[in-house]
Amino acid sequence: MDFELAGQMQDGSHRLTQRVYYEDTDFSGFVYHARYLHFFERGRTDFIRLLGVSQGQLHAQADPTNAVAFVVRRMEIDFKSPARMDDVLTIITRPQEVRGARMMLDQEIRRDGDLLSSAVVTVAVVNGLGRARRLPETLAAKLGLDD
């Protein structure tokens, strides 16, 4: 697995660098608002990857009641300033809280240190049947948050 592509951990947060491509923009040349969801998702996914957790392995349990998946339950996004084609963005993900079957994350998208967008994300933890389940203790420990 190439961890360089997955960003880096720094000061308790995850940082992922992404370039804005033409496909990310709308007719105005700005990043289309829904594309920010993609950038935030990549940040969350690579954050988990750098914790040493394979989401593919979590999903692929023989018994679906033991499987673990993450589902965005709630997301509050604040758009501050637009990104444009060829901008280099930094997606920052910080864990805030773990409670039973959910975790809360703060995310930011920055360009040259300037805040472009921020999000507060509540992620539900479910099993392979789509039912709520507690976050596995090993992952909760890697997040460094008390349940």
How far does CG of L135 sit from CZ of R102, to the nearest 0.5 angstrom? 12.5 Å

Is there a donor-acceptor pair closer than 3.5 Å between any side-chain N or O of R111 and the backbone N or O of P82? yes

Answer yes or no: is there an ion pair linking D24 with R35, defined by an N-O contact shorter than 4.0 Å? yes

Taking D46 for the side chain and G43 for the main chain, is one N or O donor matched with an acceptor at less than 3.5 Å? no

Under 3.5 Å, side chain of H14 to main-chain N/O of A6, donor-acceptor pair present? yes

One should read off an interatomic distance between T90 OG1 and D112 CG, to the nearest 0.5 angstrom, of 8.0 Å

For residues F30 and L37: do they belong to one hydrophobic cluster (side chain heavy atoms under 4.5 Å, members Ile, Leu, Val, Met, Phe, Trp, Tyr)? no

Take E97 and R99, measure what side chain to side chain contact (heavy atoms under 4.5 Å, CB included) needs, and give me the verdict at the end. CA-CA 7 Å; E97 181 179 45; R99 271 195 200 161; 2.9 Å; yes

Do you see a donor-acceptor pair shorter than 3.5 Å between the side chains of S28 and D26? yes

Minimal heavy-atom distance between L105 and P95, with the atoms involved, is CD2-CA, 3.5 Å

Count the heavy atoms of every other residue, nucleotide or ligand shown that sit under 6.0 Å from CD of E137, and state whether that count exceeds 12. no

Hey, what do you get for CD1 (I109) to CG (D114), rounding to the nearest 0.5 Å? 13.5 Å

More than 12 heavy atoms from other groups under 6.0 Å of CZ on F79: yes

Hey, is K80 close enough to D78 for a salt bridge, meaning N to O under 4.0 Å? yes

One pair to check against side chain to side chain contact (heavy atoms under 4.5 Å, CB included): L139 and L51. What are the steps and the verdict? CA-CA 8 Å; L139 181 52; L51 291 176; 4.1 Å; yes

Hey, are the side chains of V31 and F39 touching, using non-hydrogen atoms and a 4.5 Å cut-off? yes

Report whether V121 and L115 are members of the same hydrophobic cluster (ILVMFWY, side-chain heavy atoms less than 4.5 Å apart, transitive linking). no

N/O donor-acceptor pair under 3.5 Å between D87 side chain and L89 backbone: no

Could you tell me the separation between the CZ atom of R44 and the CG atom of L16, rounded to the nearest 0.5 Å? 12.0 Å

Test log, rule side chain to side chain contact (heavy atoms under 4.5 Å, CB included), inputs S117 and I77: CA-CA 7 Å; S117 182; I77 302 173; 3.5 Å; yes

Is there a path of hydrophobic side-chain contacts, each under 4.5 Å between heavy atoms, that joins L50 and V123? yes

Separation of T93 OG1 from M9 CE (nearest 0.5 Å): 9.0 Å

Around atom CD of E23, are there more than 12 heavy atoms of other residues, nucleotides or ligands at under 6.0 Å? yes

Whether T45 side chain and R42 backbone form a donor-acceptor pair below 3.5 Å: no

Distance from R133 atom CZ to N127 atom CG, nearest 0.5 Å? 7.0 Å

Could you go step by step and tell me if V72 and T122 meet the side chain to side chain contact (heavy atoms under 4.5 Å, CB included) rule? CA-CA 6 Å; V72 172; T122 301; over 6 Å; no

For a side-chain hydrogen bond (donor to acceptor under 3.5 Å, both in side chains) check, start with the C-alpha distance between R15 and Q8, then their side-chain angles and the critical distance, and finish with the verdict. CA-CA 5 Å; R15 295 172 184 272; Q8 62 182 338; over 6 Å; no

Correct closest heavy-atom pair for Q107 and F40 would be NE2-O, 2.9 Å

Neighbour count >12 (heavy atoms, 6.0 Å) for atom CZ, R73: no

Sub-4.5 Å side-chain heavy-atom contact between K142 and V53: yes

Specify the closest pair of heavy atoms between A83 and Y36, including all atoms of both residues, with the distance to one decimal. N-OH, 3.1 Å

Closest non-hydrogen atom pair between M103 and V98, with its separation: CB-CG2, 4.0 Å

